[in-house]
Novice: 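Before anything else, here's the structure in question.
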Amino acid sequence: MKQAFKLAYRNLMGAGLRTWLNVSVLSFSFVVIVFYNGLIDGWNKQARRDTIEWETGNGHLVHKDFDAFDPFTILDGHGNISQIEDKNLSPVLVRQASIYPDGRMMTVALKGINPLQNALKLPTSKLDTACSEVPILIGQNMARSSGLNKGDIVLLQWKDKNGTFDAANAVVADVFKTTVPTVDGGQIYISIKKLWDLTGLQNEASFLIANDQYVNTQTDQWIYKDQDELLITLDNIIATERISGSILYILLMLIALLAIFDTQVLSIFRRQKEIGTYMALGMTKLQVIKLFTVEGLMYSIFAMLVGCIWGIPVLNYFARNGIPYPVENMDDFGISISEIMYPIYGFKLIIGTVIAVVISATIVSYLPARKIARMDAVDAIKGKLQ
Amino acid sequence: MNTEKIITLENVVKRFKVGDGEFTALKDINLNFDKGEFAGLVGPSGSGKTTLLNIIGSLDSPTEGTATVMGKSISELSHKESALLRNHHIGFIFQVYNLLPVYTVYENVEFALLLQNHSAEERKKAVMDALDWVGIADMANKKPAKLSGGEGQRVAIARAMVKKPQILLADEPTANLDAENAHAILQTMKSLNKELDTTFLFSTHDEKVMKYMDRIIHLRDGSVEKDEIINSKSSSK
Ligand SMILES: Nc1ncnc2c1ncn2[C@@H]1O[C@H](COP(=O)(O)OP(=O)(O)O)[C@@H](O)[C@H]1O
Ligand SMILES: [Mg+2]
């Protein structure tokens, strides 16, 4: 085996440009695969962290009739929280409401939340101001679609517990910036005590957000959904991205492997005389096949080395500085996405890619090399096959 | 010792498939070679010289009859055994040299030794010795493409001789060389033959070559036409 490596090394070095072309293509796909996977891993990590910090906390205790994905459950999907008093839970009451920025009507989800909550990053403390208007909090997306800015006053209309319309002026106490679209678009935050007063739904909540210390206190009325359950949508979207990514790099790999395959097929045809000479000098066909296979394997090893030489600095640069990701409309993604993505390159990912590239390059080299077994030494020496 | 038959051909017939029929390239060849002979197969193109060398070199096997080389019957050798025989005991020199183009002169010569288990120092010494024999030690680092015809054939001789084989088979080794180079190369081979007691077997239709031979076997249409001993080794020794 050692001699096969030695000879393969000499052959590849001797082949010059052809070798470096194959090695470049392969090293490019190798680095792109690592990069793309790293990007998705980085996105996944960022999206999970941000979604936990901004939306899910340590899970939600949800009223049995409330479904966050079904607006029709807002009306009746709430219950009294006096029974489940727990300092690790922060209640949220959701109501349907309308605002009238510049005279046009916008339907919104009005979310009452405790200004002193610490389960989420939402700057709810800004709601804790006394003024003549109702203080509200909105996200940047909402601010953009409604045209509201910090300090603007807007007419807010809601229904109380008897279904009677009521309205008041609200003031935008703050506009927050988040990467999590599901806590932003179409939503307005208000102090939950204020919302109880406005609607007469004293001590009612649609769901409660748990903090880190919370231990499951699920009842018939209130169902606990942990982080994993709440992050299922995110997991699904990441999985989809991963699949579309893998199509990209399967294509890249195919191109790289095709280049090697092509070189091999051509080599075996063009290097017949050399093959015959190997045999005359005492190599068995098996040894020659092994030599050609090791040549292909060595392409992938060279590609790793070359990939390391230019890939490590490039990948490192992106990991450190991130990649600007211009997000036109965050809602398009459905899940958290930040404007700068930081790829994370896992050890497992790199080793896995290395193994995949080496194995497939070896197979792709072996397949055409099998033809050598059927070659006749005498014909090969003359170089007169086909 | 001198009567030891290193190559024995008994009723060797070689037929090739040609289209639907067959072509008989060797017809009932009976020949023996002693160790250390310097012999030539002479005959016009198509007379079967190359075919016979290929059989003796275990690259091919007879259709009928037996070819025994160093006590081993060629047709009974496994693929691996015949490769081993070639690697250790048979050196080939081809008309067009068949040097490995991407290797240097040194690497070309080293090749056969790489297949055997020699240490790096052993290999180096053997390669440099072989290059010295043929007088091209100063070209060790050149690539074959940079060599003249005469130089290329010297590398081929060094490559064949470096492992000190029992038998050296040379298929028209001077066909592409001018007279001066042809003589130089034959002299080199003759001295190696004396020094190492290697059995040399040439194929040629070159007059210049014939006068170096101790024995000339005339082939015509696949048969031995004449087998002349010109300079009997056994008697001269
Ligand atoms: N593989 C082959 N298939 C068919 N015919 C062959 C093959 N090899 C050699 N021959 C024929 O056998 C005859 C002897 O060939 P060869 O041994 O090469 O002759 P020489 O070397 O004396 O010129 C030629 O007529 C040649 O055409
Ligand atoms: Mg011939």
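Just so it is clear: chains get the letters A, B, ... in the order the sequence lines come, proteins before strands, and each one is counted from 1. Predicted model, so just to flag it, every value in this text is computed and none were measured.
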Novice: By the salt bridge (charged side-chain N to carboxylate O under 4.0 Å, His left out) test, which pairs, at least two apart or in different chains, include something from residues 348-357 of chain A?
Specialist: none
Novice: For the OH atom on A:Y366, are there more than 12 heavy atoms of other groups (residues, nucleotides or ligands in this structure) within a distance under 6.0 Å?
Specialist: no
Novice: Output the donor-acceptor atom pairs between chain A and chain B under 3.5 Å, with atom names and distances to 0.1 Å.
Specialist:
residue	atom	partner	partner atom	Å
A:Q3	NE2	B:L114	O	3.1
A:R10	NE	B:E107	OE2	3.3
A:R10	NH1	B:E110	OE1	3.1
A:R10	NH2	B:E110	OE1	2.8
A:N11	OD1	B:Y103	OH	2.8
A:T277	OG1	B:N98	ND2	3.2
A:M279	O	B:R86	NE	2.7
A:M279	O	B:R86	NH2	3.3
A:L281	O	B:N87	ND2	3.2
A:K285	N	B:H79	NE2	2.8
A:I381	O	B:N98	ND2	3.4

Novice: Hey, which of A:G276, A:G14, A:A4 has the most heavy atom pairs under 4.5 Å with chain B?
Specialist: A:G14
Novice: Could you tell me which residues satisfy ring pair (Phe, Tyr, Trp, His ring centres under 6.0 Å) with A:F318, sequence neighbours excluded, listed by chain and number?
Specialist: A:F35
Novice: Counting only heavy atoms closer than 4.5 Å, note whether A:A15 contacts chain B via side chain, backbone, both or neither.
Specialist: backbone
Novice: Counting only heavy atoms from other residues, nucleotides and ligands, does the tally under 6.0 Å from CZ of A:F28 exceed 12?
Specialist: no
Novice: So which pairs with a foot in residues 247-263 of chain A pass salt bridge (charged side-chain N to carboxylate O under 4.0 Å, His left out), sequence neighbours left out?
Specialist: none
Novice: Answer yes or no: are there more than 12 heavy-atom neighbours, outside A:L305 itself, under 6.0 Å from its atom CG?
Specialist: yes
Novice: Ignoring hydrogens, what is the shortest heavy-atom contact between A:A280 and B:F92? Give both atom names and the distance.
Specialist: O-CD1, 3.4 Å
Novice: Which bit of B:L114 is near chain A, if near means a heavy-atom gap under 4.5 Å: side chain, backbone, both or neither?
Specialist: both
Novice: Which pair of non-hydrogen atoms, one from B:L59 and one from A:A377, has the smallest distance, and what is that distance?
Specialist: CD2-CB, 3.8 Å
